[in-house]
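Each remark here refers to the structure printed beneath this line.
Letters A, B, ... are given to chains in the order of the sequence lines, protein chains preceding strands, and every chain is numbered from 1.
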Amino acid sequence: MTNHIQHLFIINRAGSLIYSWEARIETVCVLKYSYDDSIKNQICGRETLSCVTVRFAAPTVSTNEKIILSSMFHSLFTIAVQLSPCPKSSGVEVLETTQFKLFCLQSRTGVKFVVITSAASNIAADSLLSKMYELYTDFALKNPFYSIDMPIRAQKFDEAIKVLLEKAEKSNGAVTF
Amino acid sequence: MAKTTGILDKSLSRGKGEINLSTFAVLFSEMVLYAQNRSETVTDIHDKIASYGKQVGLRMFDIIVLREKGYKRETKLLGMLMFIKSTVWKNLFGKEADKLERSNDDHCTYLLIEKDPLMNTYISVPRDKGVLNCAAFAAGIVEAILDSASFKCKVTAHWHNGTAYVIQFDEAVIARENAMLDTNR
């Protein structure tokens, strides 16, 4: 499935995770079967089931692990800036593997926006990341109940991210959102 | 000698009536934080934000009336409320308020309903402060305008159909209004 956005992270200036979003993709199987009348009563003694629903999903990463991974990424990012052969490197922007693609945008203030997509995705990640940055400045920074560098718990931010991701999934490689 | 038009000969320009929403949002966010740091209860925060709104209402009332209605003063209650709903809201927030209703049980209470007040655009209230509505700012503006127009009242903001501004007029105001309507018949 192309355009499959798997994870979204926002990492603050100190390297701790302040927002994470995970796509919940489930494959649902419905198995139908029928019983021989003679064994029907033996099994339940009442109306027997004739179908079972099985759900398959990728193993989920626990919140603790996400926090650890984010701080690890933060340190690796800083090391990459130092190791880069070009001076004034911008740090990790794209990390591609056979299983996934990771895109990162670091703002001027040091806040990192990370999106992880499936390997075959052709999504316009930089515009997605800059739109995420815009939503952060709107619904987190203009919210008087949000303290800077703390985890983001704003309902309007969650809704806006959801809308943005739905648009991104539908856009199919379009350049801007 | 050539006739030069100096700056004093030109008529006064109305000026740009719009500012950036982000600028206002950041300033308003700071105002809410300022009120919150100096208050103990949610009612206190509401009162403080409303007092900031009162300052705005006092100053804007004269200028809006002068610009929109010339030198005529609104004396009827309903007319004044409609003026606030359409003209004042349009001037301040760029859109009109949604509905104006009269309460069924209390003849002194009117309800001004707005689905999405401009100041709440970027504000998500956490669950432990669920009663707090930053539209208390607009409630303060409405109260100041009605007070200046000699319709004494109390205005509060509530979460109802979006945001509802409950306008509670004094008995004297309603009595005066009814007397005026009777004499006109």
Side-chain angles (χ1 to χ4, degrees), chain A residues 8-14 16-22 63 67 105-113 126-168 176-177, chain B residues 18-53 56 93-94 114-140 157 159 162-163:
Chain A
L8 261 191
F9 295 113
I10 304 183
I11 306 173
N12 72 4
R13 298 174 287 184
S16 26
L17 184 67
I18 59 176
Y19 187 75
S20 83
W21 177 90
E22 188 167 27
T63 321
I67 297 178
L105 168 71
Q106 185 182 36
S107 72
R108 281 258 165 282
T109 50
V111 179
K112 294 182 197 37
F113 299 88
D126 15 330
S127 64
L128 173 65
L129 286 171
S130 16
K131 201 83 186 83
M132 235 170 93
Y133 187 20
E134 247 185 74
L135 291 180
Y136 170 72
T137 57
D138 281 344
F139 296 102
L141 299 184
K142 290 177 191 142
N143 185 7
F145 302 106
Y146 171 67
S147 350
I148 199 114
D149 284 345
M150 294 300 285
I152 302 177
R153 301 229 184 289
Q155 196 199 358
K156 290 198 176 155
F157 183 69
D158 295 329
E159 291 166 2
I161 290 272
K162 226 175 84 178
V163 169
L164 174 68
L165 288 170
E166 278 166 17
K167 230 166 102 185
T176 46
F177 299 111
Chain B
E18 293 168 357
I19 61 153
N20 198 326
L21 178 62
S22 302
T23 315
F24 171 65
V26 174
L27 175 66
F28 187 65
S29 153
E30 201 48 47
M31 279 162 62
V32 172
L33 264 177
Y34 187 83
Q36 200 179 16
N37 287 339
R38 283 159 180 73
S39 313
E40 316 285 323
T41 66
V42 176
T43 342
D44 274 349
I45 306 179
H46 264 189
D47 289 338
K48 285 228 161 60
I49 302 180
S51 69
Y52 306 147
V56 175
F93 307 124
E114 186 175 17
K115 255 187 118 206
D116 273 312
L118 192 79
M119 47 228 105
N120 283 349
T121 336
Y122 300 126
I123 300 184
S124 321
V125 187
R127 225 158 292 186
D128 51 337
K129 292 201 177 68
V131 192
L132 176 61
N133 191 342
C134 299
F137 186 70
W159 292 106
T163 301

Ion pair check, Glu134(A) and Lys131(A), cut-off under 4.0 Å
yes
Close aromatic pair by centroid cut-off 6.0 Å: Phe113(A) and Tyr136(A):
yes
Under 4.5 Å from a heavy atom of chain B, the part of Phe145(A) involved
side chain
Under 4.5 Å from any heavy atom of chain A, what part of Leu132(B) do you find: side chain, backbone, both or neither?
side chain
Report which part of Glu30(B) has an atom under 4.5 Å of a heavy atom belonging to chain A: side chain, backbone, both, or neither.
neither
Does either side chain, that of Thr163(B) or that of Lys115(B), offer a donor lying less than 3.5 Å from an acceptor on the other one?
no
Going from CG on Leu17(A) to CD1 on Ile10(A), what distance comes out if it is rounded to the nearest 0.5 angstrom?
9.0 Å
Looking at chain B, which one of Ala160(A), Ala140(A), Ala154(A) has the largest number of heavy-atom pairs inside 4.5 Å, strictly under?
Ala154(A)
